[in-house]
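Inspection log for the structure reproduced underneath, given as structure tokens.
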Amino acid sequence: VCASSSYPPNFASIGRGCNIGHGVVIHCQSIGSYVLVGNRSTLLDGASIGDFSVVAALAVVAPRSKVPSYSFARGVPAQIGRLAERWHTDLKTQVDDYADQPSTYMAEGLGMTPDQVLREGQVIRSIHGKTPRIDPTAFISEAAYVLGDVTIGPHASVWPGAVIRADDGPITIGAYSSVQDNAVVHSAGPLEIGERVTIAHGAMVHGRSVGNNALIANNAVLLEGTK
């Protein structure tokens with residue numbers, strides 16, 4: 001999130017109950033309340049997003065664009081349409097789900113100050129009684145973060161800045177697979193990644209399965225349920 005803008009006013013405001021996805025760039029003027037901003041989307045200078053709106057994954061909202069309340073923006077540059085009424089409740093439900101998570105994390109000892117994080121250097125963490133299971137031959141960078149019900153197979157590797165977060169379902173990563181720098185692996189259900197898979201720099205994997213010998217290229221996005 002950057003408040004610098006070519007158009008006045010020179011500040012960014014984000015409203016109540018927003019859900020900002022992985023890898024989003026926010027360079028806009030304002031985002032209303034109960035807005036979902038999808039993975040890898042970009043909101044450019046002077047743009048504004050109204051209440052109860054959705055910006056789709058990978059969308060680019062052009063400078064000074066106005067997305068009205070109860071709208072859906074998708075594409076490059078983003079085209080704007082009316083949001084289906086059922087989404088109005090869904091947006092609030094998603095916010096409530098995420099709002100509950102910090103208290104759960106804190107209750108399980110996962111909430112730490114920046115000083116504690118630097119001092120303790122804990123990158124492999126448990127949640128909901130689930131602890132990552134990592135083969136002794138696998139490599140986990142000291143700058144990665146592996147959380148919850150994760151299984152990492154022989155000779156797999158997880159590189160700096162990568163996040164593997166299994167707090168909503170188990171994640172399995174097969175032998176000789178690599179999760180490279182700044183990639184995010186997370187899912188709302190079980191996710192299985194096969195053997196000899198490369199998840200390249202900055203990729204977002206939010207799907208259900210990736211087969212063997214697959215390449216997920218730099219900055220690629222696999223949305224929920226993808227196989």
Side-chain angles (χ1 to χ4, degrees), residues 1-105 163 165 167-169 182-189 191 199 201-208 216-227:
V1 178
C2 180
S4 175
S5 175
S6 303
Y7 309 104
N10 192 25
F11 63 85
S13 65
I14 298 175
R16 174 186 177 89
C18 293
N19 191 344
I20 311 297
H22 306 297
V24 171
V25 175
I26 295 177
H27 220 275
C28 67
Q29 177 180 324
S30 65
I31 297 174
S33 295
Y34 299 104
V35 173
L36 170 62
V37 183
N39 296 340
R40 290 280 180 199
S41 58
T42 302
L43 313 182
L44 293 175
D45 288 4
S48 63
I49 314 297
D51 298 338
F52 289 96
S53 293
V54 173
V55 178
L58 300 175
V60 176
V61 179
R64 290 191 283 189
S65 294
K66 306 297 182 185
V67 178
S69 296
Y70 302 101
S71 294
F72 183 75
R74 63 180 178 181
V76 182
Q79 302 298 305
I80 300 168
R82 192 69 177 169
L83 189 67
E85 189 171 343
R86 67 175 179 81
W87 272 91
H88 303 173
T89 301
D90 289 349
L91 287 170
K92 275 201 168 185
T93 300
Q94 288 187 29
V95 168
D96 292 342
D97 289 346
Y98 252 94
D100 289 340
Q101 288 193 22
S103 59
T104 301
Y105 276 43
V163 175
R165 181 157 63 94
D167 51 0
D168 285 332
N182 296 321
V184 175
V185 180
H186 182 234
S187 184
L191 169 56
I199 298 175
H201 309 291
M204 302 287 178
V205 177
H206 232 276
R208 281 289 178 268
I216 310 301
N218 295 342
N219 285 330
V221 177
L222 276 60
L223 295 177
E224 197 66 56
T226 302
K227 296 182 178 181

(message) Run His201 and Asn182 through side-chain hydrogen bond (donor to acceptor under 3.5 Å, both in side chains) and show every step you take.
(response) CA-CA 6 Å; His201 309 291; Asn182 296 321; over 6 Å; no

Throw together a table of side-chain donor-acceptor distances under 3.5 angstrom for residues 67-76, partners on residues two or more places apart or in other chains.
{"from": "Ser69", "atom 1": "OG", "to": "Asp51", "atom 2": "N", "distance (Å)": "3.1"}
{"from": "Ser71", "atom 1": "OG", "to": "Pro68", "atom 2": "O", "distance (Å)": "2.9"}

Determine the minimum heavy-atom distance between [X] and [Y], stating which atoms define it.
X: Gly32; Y: Val35; answer: O-CG2, 3.7 Å
X: Gly38; Y: Ser41; answer: O-OG, 2.7 Å
X: Ala62; Y: Leu44; answer: C-CB, 4.2 Å

(request) I would like to know whether Arg165 and Val184 meet side chain to side chain contact (heavy atoms under 4.5 Å, CB included); could you show each step before the answer? (result) CA-CA 8 Å; Arg165 181 157 63 94; Val184 175; over 6 Å; no

(request) Could you tell me whether the side chain of Asn39 and the main chain of Ala57 form a donor-acceptor pair under 3.5 Å? (result)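 Judged by distance alone, no pair lies under 3.5 Å.
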
(request) Check whether any side-chain N or O of Ser33 sits under 3.5 Å from a backbone N or O of Arg16 as a donor-acceptor pair, and report yes or no. (result)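 Checking the backbone N and O of Arg16 against the side chain of Ser33, a donor-acceptor pair under 3.5 Å is found.
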
(message) Using the rule side chain to side chain contact (heavy atoms under 4.5 Å, CB included), only one of Asp168, Leu191, Val163 pairs with His186; which is it?
(response)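 So, applying the side chain to side chain contact (heavy atoms under 4.5 Å, CB included) to His186 and each of Asp168, Leu191, Val163, only Asp168 qualifies.
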
(request) Sequence neighbours left out, what passes side chain to side chain contact (heavy atoms under 4.5 Å, CB included) with Ala84? Give chain and number order. (result)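 Side chain to side chain contact (heavy atoms under 4.5 Å, CB included) check on Ala84 returns Arg86, Trp87.
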
(message) If the condition is side chain to side chain contact (heavy atoms under 4.5 Å, CB included), which residues does Leu222 pass it with, not counting sequence neighbours?
(response)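 Counting only residues at least two positions away or on another chain, Leu222 forms a side chain to side chain contact (heavy atoms under 4.5 Å, CB included) with Val205, Val210, Ile216, Thr226.
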
Taking side chain to side chain donor-acceptor pair (under 3.5 Å) as the test, write out the residues that go with [X], two or more places apart.
X: Glu224; value: Ser187, His206, Arg208
X: Ser53; value: none
X: Arg40; value: Asn219

[atom1] of [X] to [atom2] of [Y]: how many Å apart, nearest 0.5 Å?
X: Leu43; Y: Ile31; atom1: CG; atom2: CD1; value: 5.0 Å
X: Arg64; Y: Ser48; atom1: CZ; atom2: OG; value: 12.0 Å
X: Cys18; Y: Ile49; atom1: SG; atom2: CD1; value: 10.0 Å

